[in-house]
Amino acid sequence: MAIQRPSFDEVYMDVVEVISRRSTCLRKKVGAVVVVDRRIISHGYNGVVSGEAHCCDTGVCLKIQAGREDFKPCMHAEQNAVCLCAKRGLAVRGGIIYVNADICVTCAKLIVSCEFSRAVVRRDYKSTGEGIDFLLKYGVQVDLWPSGK
């Protein structure tokens, strides 16, 4: 009798869920995993930039306190994962990014510019879908991951 093994996508989305638990955000726990040649080369979660007090430690959401998106000291999970690759000199071209929340337009631009070939995304129920539309417009394959999976 053959044992049913999980697909790579299932395994990587499980890892995304575990990584998201490290998030320091008070509003939402988001994780991302970067995969090249079926190997995880990086991961990230959402939170403030290094050196800032974490929202989860202060009890204050810095995004709300800043009042504007561009003044908040927070990094998205996708940004942290890609920055770690840059710090290590790891190429992501042709890779896949896995994320457990919808992708914003800013992160979509990063993904397109880095030439990822695919994004596996668990959609938000509140999302506008603009980031996904941007990815599709520029030829990134997007696979939507069911919420209950």
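The residues of the chain are indexed from 1 along the displayed sequence. All values below come from the heavy atoms of this structure, side chains included, with hydrogens, waters and symmetry mates left out.
In this structure, the separation between CG on Leu135 and CD1 on Ile97 is 9.5 Å, given to the nearest 0.5 Å. One distance of note links CG of Asn80 with OG of Ser50; it measures 8.0 Å at 0.5 Å rounding. Between Cys61 atom SG and Lys28 atom NZ the span is 12.5 Å, to the nearest 0.5 Å. Taken from OH in Tyr12 to NE2 in His43, the straight-line distance is 14.5 Å, to the nearest 0.5 Å. The line from NE2 of His54 to OG of Ser23 is 10.0 Å long, rounded to the nearest 0.5 Å. Interatomic distance, NZ of Lys29 versus CD of Glu17, reported as 12.5 Å (0.5 Å rounding).
Sequence neighbours left out, the pairs with a member in residues 84-110 that pass salt bridge (Lys or Arg N to Asp or Glu O under 4.0 Å) are Arg93-Glu115, Asp102-Arg123.
Although no hydrogens or angles enter the test, the distance criterion places a donor-acceptor pair under 3.5 Å between the side chain of Asn46 and the main chain of Val30. Between the side chain of Ser42 and the backbone N or O of Ala81, at least one donor-acceptor pair lies under 3.5 Å. Side-chain atoms of Gln79 come within 3.5 Å of backbone N or O of His76 as a donor-acceptor pair. Side chain of Asn100 to backbone of Gly31: a donor-acceptor contact under 3.5 angstrom is found.
In this structure, Trp145 and Asp9 approach most closely via the heavy-atom pair CZ3-CB, 3.6 Å. Here the closest heavy-atom approach between residue Val82 and residue Cys114 is recorded as CG1-SG, 3.8 Å. Taking all atoms of both residues into account, the shortest heavy-atom contact from Ile41 to Leu90 is O-CD1, 3.7 Å. Shortest non-hydrogen contact noted between Phe134 and Ala108 is CD2-CB, 3.8 Å. Ala32 and Val99 get closest at one heavy-atom pair: CB-CG2, 4.2 Å. In terms of heavy-atom proximity, Thr58 sits nearest to Ala53 at CG2-CB, 3.6 Å.
Hydrophobic clustering places Val140 together with Ile103 (ILVMFWY residues linked when any side-chain heavy atoms are closer than 4.5 Å, directly or through intermediates). Hydrophobic clustering, with ILVMFWY side chains joined whenever heavy atoms are under 4.5 angstrom apart, keeps Val36 apart from Leu84. Residues Leu110 and Val35 do not share a hydrophobic cluster, defined by chaining ILVMFWY side chains whose heavy atoms lie under 4.5 Å apart. Val33 and Val121 sit in two unconnected hydrophobic clusters of ILVMFWY residues. Membership requires side-chain heavy atoms under 4.5 Å apart, directly or through other members. Both Val11 and Ile40 are members of a single hydrophobic cluster when ILVMFWY side chains are connected at heavy-atom separations under 4.5 Å.
Within 6.0 Å of CG on Asp37 lie no more than 12 heavy atoms contributed by other residues, nucleotides or ligands.
Screening Val15, Val16, Asp143 for a side-chain contact (heavy atoms from CB on, under 4.5 Å) involving Tyr98 leaves a single residue, Val16.
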Candidate pair Phe8 and Ile96, rule side-chain contact (heavy atoms from CB on, under 4.5 Å), full reasoning:
CA-CA 11 Å; Phe8 282 106; Ile96 304 169; over 6 Å; no
